[in-house]
Amino acid sequence: GPLFCTEGDNLLTRLLAELRTENPEPFCIDEYLAPTSSAAIARVLVAILKQLSCDIEPWGVYHYCAADITNRYDFAEVVLAIVNQYDKRYTDISLQSAERRRERTYRVFNCEKIRNTFGIKQMPWKTELVSTLRQLYQIEKNASGE
């Protein structure tokens, strides 16, 4: 699924760049995804590595993504609500939704195997998003010398 973090080209940084334009493009309501933070992926990898050191014998491919599913429009709304707490440039932005003319798409992994093998449970993306945006604005604040 799509990843988000404070740096680089990812779901969150592209969305924030889009919201900074005068007329953001409409966001799809029929493309479903489970946005996942890079911090969550790091925690999952560390947990797997710790268990591998205990001589378990895993096999196959493992998937991980956030627990809850959303669409791009709803994700953008949540981002906007959180960002407005830190940055008043976003207060007057209104989002537009758009439907695609084709089938709904789902970019969500089945995480049953990673849960059953390693006991790793999926976490909600909203919790990770709040901490990621807090960190992003702390980084920007420190960079500007405030």
Side-chain angles (χ1 to χ4, degrees), residues 1-52 56 58-144:
L3 296 176
F4 63 87
C5 61
T6 59
E7 298 178 20
D9 182 28
N10 61 73
L11 178 65
L12 180 61
T13 57
R14 283 191 304 270
L15 173 64
L16 291 173
E18 178 68 25
L19 291 174
R20 287 184 190 122
T21 64
E22 278 190 36
N23 295 314
E25 292 291 319
F27 294 93
C28 288
I29 61 171
D30 58 357
E31 181 180 1
Y32 293 91
L33 46 108
T36 308
S37 76
S38 60
I41 297 297
R43 280 194 306 276
V44 167
L45 290 174
V46 167
I48 290 172
L49 290 172
K50 284 181 179 180
Q51 292 186 50
L52 289 175
I56 66 167
W59 57 270
V61 177
Y62 298 88
H63 300 286
Y64 181 83
C65 64
D68 41 351
I69 299 170
T70 189
N71 60 48
R72 289 192 177 274
Y73 177 82
D74 291 341
F75 181 76
E77 272 196 329
V78 172
V79 168
L80 193 55
I82 297 168
V83 166
N84 278 325
Q85 299 172 24
Y86 300 103
D87 192 337
K88 299 305 175 198
R89 293 180 293 177
Y90 295 96
T91 51
D92 294 332
I93 295 174
S94 61
L95 299 177
Q96 302 292 320
S97 65
E99 293 185 35
R100 290 186 173 177
R101 299 284 182 224
R102 55 187 173 151
E103 293 181 14
R104 290 182 173 168
T105 58
Y106 293 88
R107 295 175 59 194
V108 180
F109 290 124
N110 178 345
C111 301
E112 185 176 326
K113 187 173 180 181
I114 199 168
R115 184 184 63 243
N116 293 343
T117 303
F118 296 104
I120 294 173
K121 295 181 182 176
Q122 296 166 271
M123 301 296 293
W125 59 265
K126 289 180 185 177
T127 305
E128 295 289 335
L129 182 62
V130 169
S131 61
T132 301
L133 286 168
R134 185 181 308 123
Q135 181 184 8
L136 176 67
Y137 279 93
Q138 188 62 42
I139 291 168
E140 287 183 6
K141 184 178 177 182
N142 291 341
S144 67

Show your working on side-chain contact (heavy atoms from CB on, under 4.5 Å) between Leu16 and Leu133 and close with a plain yes or no.
CA-CA 10 Å; Leu16 291 173; Leu133 286 168; 4.3 Å; yes
Is a donor on one side and an acceptor on the other found under 3.5 Å between the side chain of Thr117 and the backbone of Arg115?
no
Are side-chain heavy atoms of Ile29 and Asp74 found at a separation under 4.5 Å?
no
Where do Thr6 and Thr13 come nearest, in terms of heavy atoms and distance?
O-CG2, 4.0 Å
Would Arg134 and Tyr86 count as a side-chain contact (heavy atoms from CB on, under 4.5 Å) here? Give the steps.
CA-CA 8 Å; Arg134 185 181 308 123; Tyr86 300 103; 3.4 Å; yes
Output field: ring centroids Trp125/Phe75 closer than 6.0 Å
yes
Would a 4.5 Å heavy-atom cut-off, applied to side chains only, mark Leu129 and Leu12 as touching?
yes
Treating Glu128 as the side-chain partner and Ser37 as the backbone partner, does any N or O pair qualify as donor plus acceptor under 3.5 Å?
no
Pro35 versus Leu11, closest heavy-atom pair with distance
CB-CD2, 3.8 Å
Quick one: does Asn10's side chain have a donor or acceptor within less than 3.5 Å of a partner on Glu7's backbone?
yes
Rounded to the nearest 0.5 Å, what separates atom CG in Leu45 from atom CD1 in Ile41?
6.5 Å
Below 4.5 Å, heavy atoms only, C-beta onward: do Leu52 and Pro58 meet side chain to side chain?
yes
Side chains of Cys65 and Gln122: does their closest heavy-atom pair fall under 4.5 Å?
yes
Closest heavy-atom pair and its distance - Ile56, Gln51:
CG1-O, 3.6 Å
Check Tyr90 against Arg20 and note the closest heavy-atom contact, atom names and distance.
OH-NE, 2.8 Å
Do Tyr64 and Ile120 touch side chain to side chain, with heavy atoms closer than 4.5 Å?
yes
Could you give the distance from SG (Cys5) to CD (Gln135), rounded to the nearest 0.5 Å?
9.0 Å
Neighbour count above 12 (heavy atom, 6.0 Å) for Gln85 CD
yes
Output, in order, the C-alpha distance, side-chain angles, deciding distance and verdict of ring-ring contact (aromatic ring centres under 6.0 Å, His included) for Phe27 and Tyr73.
CA-CA 5 Å; Phe27 294 93; Tyr73 177 82; 7.2 Å; no
Above 12 or not: heavy atoms from other molecules or residues under 6.0 Å from CG of Asp92?
no
Hey, are Arg14 and Asp9 close enough for a salt bridge, meaning a charged N less than 4.0 Å from a carboxylate O?
yes
I'd like to know if the side chain of Asn84 and the backbone of Leu80 have a donor-acceptor N/O pair within less than 3.5 Å.
yes
Taken to the nearest 0.5 Å, the spacing of His63 NE2 from Ile114 CD1 works out to 9.5 Å
Pairwise side-chain contact, Glu31 with Asn71, heavy-atom cut-off 4.5 Å (strictly under)
no
Straight-line distance of Met123 CE to Arg43 CZ, nearest 0.5 Å
6.5 Å
Let me confirm one number: the OH-OG1 distance from Tyr137 to Thr132, rounded to the nearest 0.5 Å.
12.5 Å
Looking at every non-hydrogen atom in both residues, tell me the closest pair between Lys126 and Val78 and how far apart they are.
CE-CG2, 4.2 Å
Using only heavy-atom distances, determine whether the side chains of Arg72 and Tyr32 contain a donor-acceptor pair under 3.5 Å.
no
How long is the span from the NZ atom in Lys88 to the OG1 atom in Thr91, to the nearest 0.5 Å?
7.0 Å
Do any N or O atoms from the side chain of Tyr62 and from the backbone of Trp59 form a donor-acceptor pair under 3.5 angstrom?
yes
Quick check: does any side chain N or O of Glu18 sit under 3.5 Å from a backbone N or O of Glu25, one acting as donor and the other as acceptor?
yes
Any Ile69 side-chain heavy atom under 4.5 Å of Leu33 side chain
no
Counting C-beta onward and ignoring hydrogens, is there a side-chain heavy-atom pair between Leu136 and Val83 closer than 4.5 Å?
no
